[in-house]
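Since the structure comes first, as structure tokens, the remarks are kept for the end.
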2 protein chains.
Amino acid sequence: MNERRGIERELKRGSLELIVLHLLAPGEAYGYEIVSKLTSQSNGTLEVTDGTLYPVLYRLERAGFVHVRWETPERGVPRKYYRLTEAGRHELAALTEEWTTFTKAMTKLLRS
Amino acid sequence: MNERRGIERELKRGSLELIVLHLLAPGEAYGYEIVSKLTSQSNGTLEVTDGTLYPVLYRLERAGFVHVRWETPERGVPRKYYRLTEAGRHELAALTEEWTTFTKAMTKLLRS
DNA sequence: CATTATACCTTGTCACACAAGATATATGAC
DNA sequence: GTCATATATCTTGTGTGACAAGGTATAATG
């Protein structure tokens, strides 16, 4: 009881979209790949379940920030590849800016 | 239309409790005072409305992280003063740790 | 005396991270 | 052969918390 659910779940809010856009910046990637990458790195701090990621990707697509391409290999499960659009790059820049501003304000406060 | 609501609202999630605990660390304070302080400083980045803050304070009280004291001056509106408990100080330390870990992971990712 | 500032509280809305389910194919173990 | 695991996608429901928008009451100011 008293679960002590931690604040990581809340901390990710607003940051997750930025994380995904950033991961797509170097080139295209598919959903499962992003989940695996986030799970393996950063000691799981930025770990995300697939049930969380897929809605994010859908939102990004809906907003025009990513372009989607299906790839169906001769053997294997089809993959959905995501690639940043021009609008997506602008959004990435804007979110990075917002995130940095907020974090700087927090850091300044916590040091006072 | 297309409101572009920004991510600041989401970014505050999880951080706000930490902010309040931190502001109470030097000594007691009352709600309206905290709202004013946050509104005036940090270019409004960490600005909070009273409708947001009071529920936070209530949650902190409920969890035993703050102690509450009413002060009714001979003239003027009564104020509700909040002061950290020992459990509150531990929570402050724990949240600071969690926040720092998360932010470091994000910073590392964004630099890659 | 009407407005503004101080100081508190409540209700309803919205967004989103996540758990828990589901589907389908390929591979490896026994 | 079949049973489990890994790959890869998606959906539905739940809980949480920041906020808008309302409310009450007192003191100061023009």
Side-chain angles (χ1 to χ4, degrees), chain A residues 3-20 28-40 44-63 68-82 95 98 102 106, chain B residues 3-20 28-40 44-63 68-82 95 98 102 106:
Chain A
E3 274 296 342
R4 183 67 175 89
R5 195 143 60 76
I7 55 166
E8 290 197 3
R9 191 197 198 111
E10 307 303 329
L11 288 179
K12 275 178 211 155
R13 288 187 75 134
S15 299
L16 195 46
E17 201 169 306
L18 168 57
I19 290 172
V20 174
E28 61 179 10
Y30 59 97
Y32 195 83
E33 186 184 1
I34 295 174
V35 171
S36 307
K37 198 172 284 184
L38 284 175
T39 298
S40 66
T45 306
L46 304 180
E47 190 170 349
V48 171
T49 65
D50 60 337
T52 297
L53 182 68
Y54 288 119
V56 173
L57 289 170
Y58 177 70
R59 266 162 21 220
L60 294 176
E61 182 188 356
R62 204 109 223 291
V68 181
R69 172 178 76 82
W70 275 100
E71 179 167 314
T72 310
E74 308 215 354
R75 56 186 55 209
V77 185
R79 293 171 173 173
K80 210 168 164 182
Y81 279 89
Y82 296 85
L95 289 186
E98 277 189 75
F102 176 82
M106 279 292 293
Chain B
E3 273 297 341
R4 182 71 175 87
R5 193 143 63 75
I7 55 166
E8 290 197 3
R9 192 197 199 113
E10 307 301 328
L11 288 180
K12 275 178 210 155
R13 291 185 71 136
S15 299
L16 194 47
E17 201 170 306
L18 168 57
I19 291 173
V20 174
E28 59 179 11
Y30 57 98
Y32 195 82
E33 187 185 0
I34 294 173
V35 172
S36 307
K37 198 172 285 186
L38 284 175
T39 299
S40 65
T45 306
L46 304 180
E47 191 171 348
V48 170
T49 66
D50 62 337
T52 297
L53 183 69
Y54 288 119
V56 173
L57 289 171
Y58 177 70
R59 273 176 356 236
L60 294 177
E61 183 188 357
R62 204 109 223 290
V68 181
R69 172 178 75 83
W70 275 100
E71 179 168 314
T72 310
E74 310 215 353
R75 57 186 56 210
V77 185
R79 292 171 173 173
K80 209 169 166 184
Y81 279 90
Y82 296 85
L95 289 186
E98 278 188 74
F102 177 80
M106 279 293 293

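The basis for the numbers below is simple: all heavy atoms, side chains too, and nothing from hydrogens, waters or symmetry mates. In the text below, chain A, chain B and the rest are named by the order of the sequence lines, each starting its count at 1. From a predicted model like this one, the values you see are computed outputs, not experimental measurements.
Across the interface with DNA chain C, nearest-nucleotide mapping of B/R79 and A/V77 shows B/R79 to be the residue nearer the 5′ end.
Contact check, B/Y30 against C/dC8: no side-chain N or O comes under 4.0 Å of OP1 or OP2. The phosphate of D/dT7 has OP1 or OP2 within less than 4.0 Å of a side-chain N or O from A/Y32. Listed pair B/Y54 / C/dC8 meets the phosphate criterion, a side-chain N or O lying under 4.0 Å from OP1 or OP2.
At distances below 3.5 Å, at least one donor-acceptor pair connects side-chain atoms of A/E98 with backbone N or O atoms of B/I7. No donor-acceptor distance shorter than 3.5 angstrom exists from the side chain of B/K12 to the backbone of B/V48, with no hydrogens or angles considered.
Taken over five-pair windows at either terminus, the axes of the helix from C/dC1-D/dG30 to C/dC30-D/dG1 are inclined to one another by 10° (rounded to 10 degrees).
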Take B/Y58 and B/R62 through the test side chain to side chain contact (heavy atoms under 4.5 Å, CB included) and record every step on the way to the result.
CA-CA 6 Å; B/Y58 177 70; B/R62 204 109 223 290; 3.2 Å; yes
Let me see the working for B/T45 and A/F102 under side chain to side chain contact (heavy atoms under 4.5 Å, CB included), right down to the final yes or no.
CA-CA 6 Å; B/T45 306; A/F102 176 82; 4.3 Å; yes
Does B/Y54 form a side chain to side chain contact (heavy atoms under 4.5 Å, CB included) with B/Y32? I'd like the steps, not just the answer.
CA-CA 9 Å; B/Y54 288 119; B/Y32 195 82; 4.2 Å; yes
B/E71 vs B/R69, salt bridge (charged side-chain N to carboxylate O under 4.0 Å, His left out): CA-CA, chis, key distance, verdict:
CA-CA 6 Å; B/E71 179 168 314; B/R69 172 178 75 83; 3.0 Å; yes
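Spacing between atom CG of A/L11 and atom P of D/dA18 amounts to 11 Å, rounded to whole angstrom units. The NZ-C1' distance, from B/K80 to C/dC8, rounds to 8 Å in whole Å. Straight-line distance from the CD1 atom of B/I34 to the C1' atom of C/dT6: 15 Å, rounded to whole Å. Spacing between atom CZ of A/R75 and atom P of C/dG28 amounts to 11 Å, rounded to whole angstrom units. Atom CG of B/L18 is separated from atom C1' of D/dA18 by 16 Å (rounded to the nearest Å). Protein atom CG of B/L95 is 14 Å distant from nucleotide atom C1' of D/dG17, rounded to whole Å. Protein atom CG of A/L53 is 16 Å distant from nucleotide atom P of D/dT7, rounded to whole Å. To the nearest angstrom, P of C/dA7 lies 8 Å from CD of B/E33.
The side chain of B/W70 approaches C/dC9 more closely than any other nucleotide in the set C/dC9, D/dA27, D/dT7.
From A/E28, atom CD reaches atom CD of A/E33 across 9.0 Å, with rounding to the nearest 0.5 Å.
A donor atom on one side chain and an acceptor atom on the other are not found under 3.5 Å apart for A/T39 and A/S36.
The residue from B/I34, B/L57, B/V20 that alone fulfils the side chain to side chain contact (heavy atoms under 4.5 Å, CB included) condition with B/Y82 is B/L57.
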In B/S/- notation, 5' to 3', how is nucleotides 15-21 of chain C contacted by protein heavy atoms closer than 4.0 Å?
BBBBSB-
